[in-house]
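Structure first, then comments.
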Amino acid sequence: MQGNDGSSDLMSDTTQAKLPSASIVFLTYNGMPLVEDVLKSIRNQKFNGDYELLCIDTSSKDGTFELSRTLCDEVIQIQPHEFHHSRTRNLGVSVSNNDICVFLSQDALPSDEHWLTNLISPFVDPDVGAVYGRQKAPDHFGAQRRYSMGEVYPEARQVRQFVPGEKRSLSEVRFSDANGAYRRALLLEKPFPEHVPISEDIAACYYILEKGLKVVYEPLANVIHGHERSIKDEFRWAFDSGIALKRLGILGNPNFKSETKYGIKKLTDELVYFTKRFAIGTAMHSVSVYAARWLGVQLGKRENQIPPKIARAISPSLAREHARTKNVAN
């Protein structure tokens, strides 16, 4: 079940009480110059609680590593072949010390000094297992990508909790580690799965909901973040998503609604929005985007029928994991 309960400012209820302690796990790789703005924004947060800032850097060569050492409480450096979306975050969890683990992308710039408070405040409710915040598209993004991100990260607050016996929707397990937080105890109990190329955040969200806990989408914990994607990038991202969601037991699960019907509805809504505004070119671009995503997911969930070399050529994540495995073997 997915419910909206408004987006009233959490500050009025939480500024007096001390909030749960937080460990911000910050993953970096050649992030200059924006990473400096993000780190300084974190350090300027008005947060009524204890927090630490931990950085895991993937051998940056542009000064990111040196900067992180001046602004973070602890910095760990790993080699490029060692990076993995789940494994690297599990490393961050293992060295963290506080109640809540926060993950923030190196290019996700908090919109104000209350970002951390608004992200942590929902955890005052002991039934909340994870919280993620809004991501607003940078001003230079194209119309289709801006609309798509606005649909994924709306203005209204959401509190999700599975209802026994009801079919799940893919939108219910949506989450993002680009701007998200979890109870550390839950991540120690069930670490991010290391057998998937991406979507470790969806896996954790799914696990938390299956435990009967709540997941909150808090738009007041807002960051400026996003990436424009070419059609090729959309295809590759969807391919990895298809692999991950199939391995996680979400795609093909009779307890979930059809991913194809989900995609058709999203595309239909998008086409109606742009055609009503006579943006026919953008509407046609939306068709191309969704076609690439559909093809990528369909191939990804059939990864066992694809020669491994072809799969690695499509997916940089699979190629990197293959290289790491060979490196370990040698």
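Just the heavy atoms: all of them, side chains too, but no hydrogens, waters or symmetry mates, feed the values below.
Following chains of ILVMFWY side-chain contacts shorter than 4.5 Å, one can reach Phe47 starting from Val131, so the two form part of one hydrophobic cluster. In the hydrophobic clustering of ILVMFWY residues, with side-chain heavy atoms under 4.5 Å counting as a link, Leu27 and Val93 come out together. Val272 and Leu267 end up in different hydrophobic clusters when Ile, Leu, Val, Met, Phe, Trp and Tyr side chains are linked at under 4.5 Å. In this structure, Ile250 is not a member of the same hydrophobic cluster as Trp294, with clusters built from ILVMFWY side-chain heavy atoms closer than 4.5 Å. With hydrophobic clusters built from ILVMFWY side chains whose heavy atoms lie under 4.5 angstrom apart, Met32 shares a cluster with Leu109.
Within the structure, side-chain hydrogen bond (donor to acceptor under 3.5 Å, both in side chains) pairs that include any residue of residues 140-149 comprise Gln144-Glu270 (at least two apart or interchain).
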Legend entry - From CA spacing to verdict: side-chain hydrogen bond (donor to acceptor under 3.5 Å, both in side chains), Asp57, Thr28: CA-CA 5 Å; Asp57 180 72; Thr28 59; 2.7 Å; yes
Inset, instruction - Show your reasoning for whether side-chain hydrogen bond (donor to acceptor under 3.5 Å, both in side chains) applies to Asn30 and Thr64. - result: CA-CA 6 Å; Asn30 290 340; Thr64 296; 5.3 Å; no
Inset, instruction - Determine, stepwise, if the pair Glu218 / Arg157 fulfils side-chain contact (heavy atoms from CB on, under 4.5 Å). - result: CA-CA 5 Å; Glu218 179 49 71; Arg157 189 173 192 258; 2.4 Å; yes
Legend entry - side-chain hydrogen bond (donor to acceptor under 3.5 Å, both in side chains) assessment of Asp233 paired with Ser230: CA-CA 5 Å; Asp233 290 337; Ser230 66; 3.2 Å; yes
Inset, instruction - Let me see the working for Val102 and Trp115 under side-chain contact (heavy atoms from CB on, under 4.5 Å), right down to the final yes or no. - result: CA-CA 11 Å; Val102 175; Trp115 159 76; 4.1 Å; yes
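Side-chain contact between Ser86 and Val196: present, with at least one pair of heavy atoms (C-beta onward) separated by less than 4.5 Å. Between Ile56 and Val95, the closest side-chain pair of non-hydrogen atoms is not below 4.5 Å. Contact check for Glu52 versus Ser96: side-chain heavy atoms found under the 4.5 Å cut-off. Here the side chains of Arg236 and Arg229 are not in contact, with every heavy-atom distance at 4.5 Å or above. In this structure, Phe83 and Ile78 have side chains that are in contact, with non-hydrogen atoms separated by less than 4.5 Å. Under the 4.5 Å side-chain criterion, counting only non-hydrogen atoms from C-beta, Ile231 is in contact with Val289. Residues Phe175 and Val173 have side chains not in contact (no heavy-atom distance under 4.5 Å, counting atoms from C-beta outward). You'll find the side chain of Leu271 stays beyond 4.5 Å of the side chain of Tyr290, heavy atoms only.
Contact check on Arg134 versus Asp112 returns no salt bridge, with no Lys/Arg side-chain nitrogen under 4.0 Å from an Asp/Glu carboxylate oxygen. Note on Arg89 versus Glu200: salt bridge recorded, some NZ/NE/NH1/NH2 to OD/OE distance being below 4.0 Å. In this structure, Glu189 pairs ionically with Lys211, as a charged nitrogen and a carboxylate oxygen lie closer than 4.0 Å. Between Asp269 and Lys265 a salt bridge is recorded (basic side-chain N to carboxylate O distance below 4.0 Å). Taking a cutoff of 4.0 Å between a charged side-chain nitrogen and a carboxylate oxygen, Arg87 and Glu321 qualify as a salt bridge.
Atom NE2 of His225 and atom CG of Leu104 lie 8.0 Å apart (nearest 0.5 Å). The distance from atom OG of Ser199 to atom CG of Asp177, rounded to the nearest 0.5 Å, is 10.0 Å. Remark: Asp107 CG to Tyr29 OH distance equals 14.0 Å, nearest 0.5 Å. Summarising the geometry, atom CG belonging to Leu119 is positioned 14.5 Å from atom NE2 belonging to His114; distances are rounded to the nearest 0.5 Å. The CG atom of Asn90 sits 10.0 Å away from the SG atom of Cys101 when rounded to the nearest 0.5 Å. Note that CG of Leu53 is 11.0 Å distant from CD of Gln45, once rounded to the nearest 0.5 Å.
When the shell of 6.0 Å around NZ of Lys266 is examined, it contains more than 12 heavy atoms from other residues, nucleotides or ligands. More than 12 non-hydrogen atoms from other residues, nucleotides or ligands lie less than 6.0 angstrom from CZ of Phe141. Surrounding NZ of Lys167 are more than 12 heavy atoms belonging to other residues, nucleotides or ligands, all under 6.0 Å away.
Cation-pi geometry between Arg277 and Phe274 is not met: the NZ or CZ atom fails to fall both under 6.0 Å from the ring centre and inside 45° of the normal. For the pair Arg183 and Phe123, the cation-pi test (distance below 6.0 Å, angle within 45°) is failed.
Between Phe103 and Tyr182, the ring-plane angle classifies as perpendicular under the 30° and 60° cut-offs. Classification of the Tyr153-Tyr132 ring pair by plane angle, with boundaries at 30° and 60°, yields perpendicular.
The minimum heavy-atom distance linking Pro154 with Pro219 is given by the pair O-CB, 3.8 Å. Taking each heavy atom of Ala204 and Leu187 in turn, the nearest pair found is CB-CD2, 4.5 Å. When every heavy atom of Cys205 is checked against every heavy atom of Glu172, the shortest pair comes out as SG-O, 4.0 Å. Residues Ala221 and Asn179 share a closest heavy-atom pair of O-ND2, 2.9 Å. Contact record, Asn97 with Arg184: N-NE, 4.5 Å, taken as the closest heavy-atom pair. Annotation for Lys246 and Lys301: closest pair CG-O, 3.7 Å, computed over non-hydrogen atoms.
Counting only distance, with no hydrogens or angles, the side chain of Arg324 and the backbone of Arg320 share no donor-acceptor pair below 3.5 Å. In this structure a side-chain-to-backbone donor-acceptor pair under 3.5 Å is missing from Ser41 to Asp37. The main-chain N or O of Gln298 is found under 3.5 Å from a side-chain atom of Arg302 such that the two form a donor-acceptor pair. Remark: the backbone N or O of Glu74 is not paired with any side-chain donor or acceptor of Arg69 at under 3.5 angstrom. Under the 3.5 Å distance criterion, the side-chain polar atoms of Arg312 are left unmatched by any main-chain donor or acceptor of His322. Side chain of Ser258 to main chain of Thr260: a donor-acceptor pair is present (N/O by atom type, distance under 3.5 Å, no hydrogens or angles).
Using a 4.5 Å cut-off between side-chain heavy atoms of Ile, Leu, Val, Met, Phe, Trp and Tyr, Ile198 falls into a hydrophobic cluster with Trp237.
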